[in-house]
Asker: 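Sharing a structure with you now.
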Amino acid sequence: MSEAALKAPGAAAASGDANRWKALVFIALAQLMVVLDATIVNIALPSAQTDLGISDGNRQWVVTAYALAFGGLLLFGGRIADLWGRKRAFVLGLAGFAAASALGGAATTGTMMFGARALQGVFGALLAPAALSLLAVMFTDAKERAKAFGIYGAIAGGGGAVGLILGGFLTEYLDWRWTFFVNVPFAVVAAAGAYFVIREPEGGRNRNPLDIPGVLLSTLGLVALVYGFTRAESDGWGDAVTVSMFVASVVLLVAFAIVESKVKAPLLPLRVVTDRNRGGIYLSLGLAIIGMFGLFLFLTYYLQVVKGYSPVKTGFAFLPMVAGMITGSTQIGTRLMTRVPARLLMGPGFLVAAIGMLLLTQLEIDSSYGALLLPAMVLLGLGMGTAFMPAMSLATQGVEPRDAGVASAMVNTSQQVGGAIGTALLNTIAASATTSYIKDHIAGAASRPQQQLVTLQGQVHGYSTAIWFAVGILAVAALIAFTFVNAGRPGATPMASGEGVEDEVPVPVVAH
């Protein structure tokens, strides 16, 4: 590749250099590792808790320590990628994630495990925005961008379900420690490949000094928000600490917005989030993730506790959803993204996912996997895959190269906060409905088997009640996508890419 091509952003795409496709392999591998980690550890948690002597009250920290560090530092990680360079941040994030994973696998105490998970979150917050922003600056041709983001979107959506399968295999046939150790070869291969293959376009760094007040306010505000929802799940919404976390989060994030509007070099330039399209995408993606986390949470419990599936069988039961996501992202989204406006993929995609969720509201103890769960998961996967792909592409389209990292970080932040809200909110709704059902029906159960049956019926009733809320949330996500996202429509307003700078969104050519 010529020196001139390296210096011109987007020249790589124009020159047809094959390295960007090789780079996509390693970027996708790193993204898969991060997404896998979100669910793979959950499968291993019961075994790890027993081995390390972690109490029931403290076991949540295996998940919470990661969520707080990852969710709280994403904006900072995105800004660091813009400052240092995305390739450097990507490789450093991979190296740190691998080291933290090795530490977690070798943990001998609960405290050591919690520390390793927090470190995974720190380096994940550096890695995830760098990966997405590398795609944004390396793939500038519309058709190539569609293919690249189709692959990335399929991994981002389906990787969690793959984590359930891999976690089940490793826990059942090897040892829970391998759910951590497995990240090391992933990271080594991705880092080595990225080092030799990725050629990041120059001229896109944001070399302004770090906005330290913005870093502190955003990190503390997001940590307080994520912890508030995490604590609500275990201690209730009325708990004093839970309420104080929410209040602190609002105060800190409002202060953050005020600071960002006044400083010369903000951590999160408000032009990134106030754009109509990007704002709509961040909001609709966050809402959609709430619904998806509800599915993972309740179906995992339903299959293992109610149906008696093993961890491995449970993981395989999610495969149709993974297949649906891959099909929706790489076949439907990729093929149509350059032909129809993004909202006509996102809105219907979320609605198809909502129909899949709607089927799951019919869950009963003896529901058939083939007749109910299979079609529901296929629809959910198809819908989410079709919607995620244009959303992730459009969220970073038209952004100045110097803002690509923070724009990418906002995609991850909306997903992380959505996941925390979804887990806490839907779990609370399900638990409340279960308690109410058992209280109303347990008196009529004379024998112990009948009482156990009522308990299981109560659990399933709780799941279906919460899934109704997930259906509504996905419908709202679709409404937001239809209402706010107007990029790509003939005659639409161009997406702003900076102060006084606008990039026209190519008008799609619709084949007749």
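Residue numbers start at 1 and run along the sequence shown.
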Asker: For Thr428, is there any backbone N or O sitting under 3.5 Å from a side-chain donor or acceptor partner on Ser432?
Answerer: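 Looks like no, no N/O pair under 3.5 Å.
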Asker: Taking the side chain as C-beta and beyond, is there a heavy-atom pair between Leu380 and Leu360 under 4.5 Å?
Answerer: no
Asker: Report yes if the side chains of Phe229 and Leu425 come closer than 4.5 Å at any heavy-atom pair, otherwise no.
Answerer: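 No, their side chains stay 4.5 Å or more apart.
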Asker: Has the side chain of Asn277 got a donor or acceptor atom that lies under 3.5 Å from a matching backbone atom of Asn486?
Answerer: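 It does hold such a pair.
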Asker: Would the Phe181 and Trp176 ring centres measure less than 6.0 Å apart?
Answerer: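 No.
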Asker: Does the side chain of Leu127 reach to within under 4.5 Å of the side chain of Met33, using non-hydrogen atoms?
Answerer: yes
Asker: Within the distance-only criterion (no hydrogens, no angle test), does the side chain of Ser329 pair as donor or acceptor with the backbone N or O of Ile326 below 3.5 angstrom?
Answerer: no
Asker: Identify the two heavy atoms, one from Tyr437 and one from Gly458, that lie closest to each other, and give their separation to 0.1 Å.
Answerer: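 Shortest heavy-atom contact: CD2-CA, 3.4 Å.
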Asker: Counting C-beta onward and ignoring hydrogens, is there a side-chain heavy-atom pair between Lys313 and Leu303 closer than 4.5 Å?
Answerer: no
Asker: Does Tyr369 use its side chain to pair, donor to acceptor, with the backbone of Ala317 at less than 3.5 Å?
Answerer: yes
Asker: Output the distance between atom CE (Met321) and atom CG (Leu373), rounded to the nearest 0.5 Å.
Answerer: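 The CG atom of Leu373 is 11.5 Å from CE of Met321, to the nearest 0.5 Å.
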Asker: Would Val62 and Gln49 satisfy side chain to side chain contact (heavy atoms under 4.5 Å, CB included), going step by step from the backbone distance to the final call?
Answerer: CA-CA 9 Å; Val62 175; Gln49 182 184 353; over 6 Å; no
Asker: Using every non-hydrogen atom in the two residues, find where Ala470 and Gly291 come nearest and quote the distance to one decimal.
Answerer: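 Reported closest heavy-atom pair: CB-CA, 4.1 Å.
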Asker: Would you confirm whether Thr219, through its side chain, and Leu216, through its main-chain N or O, come within 3.5 Å as a donor-acceptor pair?
Answerer: no
Asker: Report yes if the side chains of Met384 and Leu474 come closer than 4.5 Å at any heavy-atom pair, otherwise no.
Answerer: yes
Asker: Look up atom CG in Leu456 and atom CD1 in Ile438, then write down how far apart they are to the nearest 0.5 Å.
Answerer: 9.0 Å
Asker: Given the rule in the side chain to side chain contact (heavy atoms under 4.5 Å, CB included) test, do Phe169 and Val182 qualify, once you have shown the distances and angles that lead to the verdict?
Answerer: CA-CA 12 Å; Phe169 260 112; Val182 74; over 6 Å; no
Asker: Does atom CZ of Phe484 have more than 12 heavy-atom neighbours, drawn from other residues, nucleotides or ligands, at distances under 6.0 Å?
Answerer: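 Not more than 12 within 6.0 Å, no.
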Asker: Quick check for you: to the nearest 0.5 Å, what is the distance between Ser414 atom OG and Arg278 atom CZ?
Answerer: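 Going from the OG atom of Ser414 to the CZ atom of Arg278 covers 13.5 Å.
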Asker: Say you draw a straight line from CG of Leu374 to CE of Met377; how long is it, rounded to the nearest 0.5 Å?
Answerer: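 Leu374 CG to Met377 CE: 6.5 Å, rounded to 0.5 Å.
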Asker: Do you know which two heavy atoms are closest between Ala100 and Leu119, and how far apart they sit?
Answerer: CB-CB, 3.7 Å
Asker: Evaluate the side-chain proximity of Asn427 to Phe298: yes if any heavy-atom separation is below 4.5 Å, no if none is.
Answerer: yes
Asker: Would the distance check show the side chain of Ser249 and the main-chain N or O of Met245 forming a donor-acceptor pair, the cut-off being under 3.5 Å?
Answerer: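 No, because the side chain of Ser249 does not come within donor-acceptor range (under 3.5 Å) of the backbone of Met245.
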Asker: With the side chain counted from C-beta on, respond yes when Phe90 and Leu126 share a heavy-atom pair under 4.5 Å apart, and no when they do not.
Answerer: no
Asker: Are Tyr66 and Phe70, when compared by the centres of their aromatic rings, separated by less than 6.0 Å?
Answerer: yes
Asker: Any chance the side chains of Gln451 and Arg448 put a donor and an acceptor closer than 3.5 Å?
Answerer: no
Asker: Are side-chain heavy atoms of Leu74 and Leu222 found at a separation under 4.5 Å?
Answerer: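 They are not in side-chain contact.
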Asker: List the atom of Leu372, the atom of Leu359, and the distance in Å for their closest heavy-atom pair.
Answerer: CD1-O, 3.2 Å
Asker: Report the C-alpha distance between Tyr302 and Tyr309 in whole Å, list the side-chain angles of each, state the deciding distance to 0.1 Å, and finish with yes or no for side chain to side chain contact (heavy atoms under 4.5 Å, CB included).
Answerer: CA-CA 9 Å; Tyr302 175 79; Tyr309 283 23; over 6 Å; no
Asker: Would you name the heavy atoms of Ala69 and Val122 that are closest together and state the gap between them?
Answerer: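 That closest heavy-atom pairing would be CB-N, 3.8 Å.
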Asker: Looking only at heavy atoms, which two atoms of Glu260 and Leu267 are closest? And how far apart?
Answerer: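 Residues Glu260 and Leu267, closest heavy atoms: OE1-N, 2.7 Å.
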Asker: Take atom CH2 of Trp237 as the centre, draw a 6.0 Å sphere, and report whether it contains more than 12 heavy atoms from other residues, nucleotides or ligands.
Answerer: yes
Asker: Using side chain to side chain contact (heavy atoms under 4.5 Å, CB included), reason through Val352 and Thr386 one step at a time and then give a plain yes or no.
Answerer: CA-CA 9 Å; Val352 168; Thr386 301; over 6 Å; no
Asker: With a 3.5 Å distance limit and no angle check, can you tell me whether Ser464 reaches the backbone of His461 through a side-chain donor-acceptor pair?
Answerer: yes
Asker: Would a distance-only check, ignoring hydrogens and angles, find a side-chain to backbone donor-acceptor pair under 3.5 Å from Ser367 to Leu363?
Answerer: no
Asker: Nearest 0.5 angstrom please: Leu75 CG to Leu268 CG, how far?
Answerer: 5.5 Å
Asker: Just how far is it from atom CG of Leu170 to atom CZ of Phe180, taken to the nearest 0.5 Å?
Answerer: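 So the CG of Leu170 and the CZ of Phe180 are separated by 11.5 Å.
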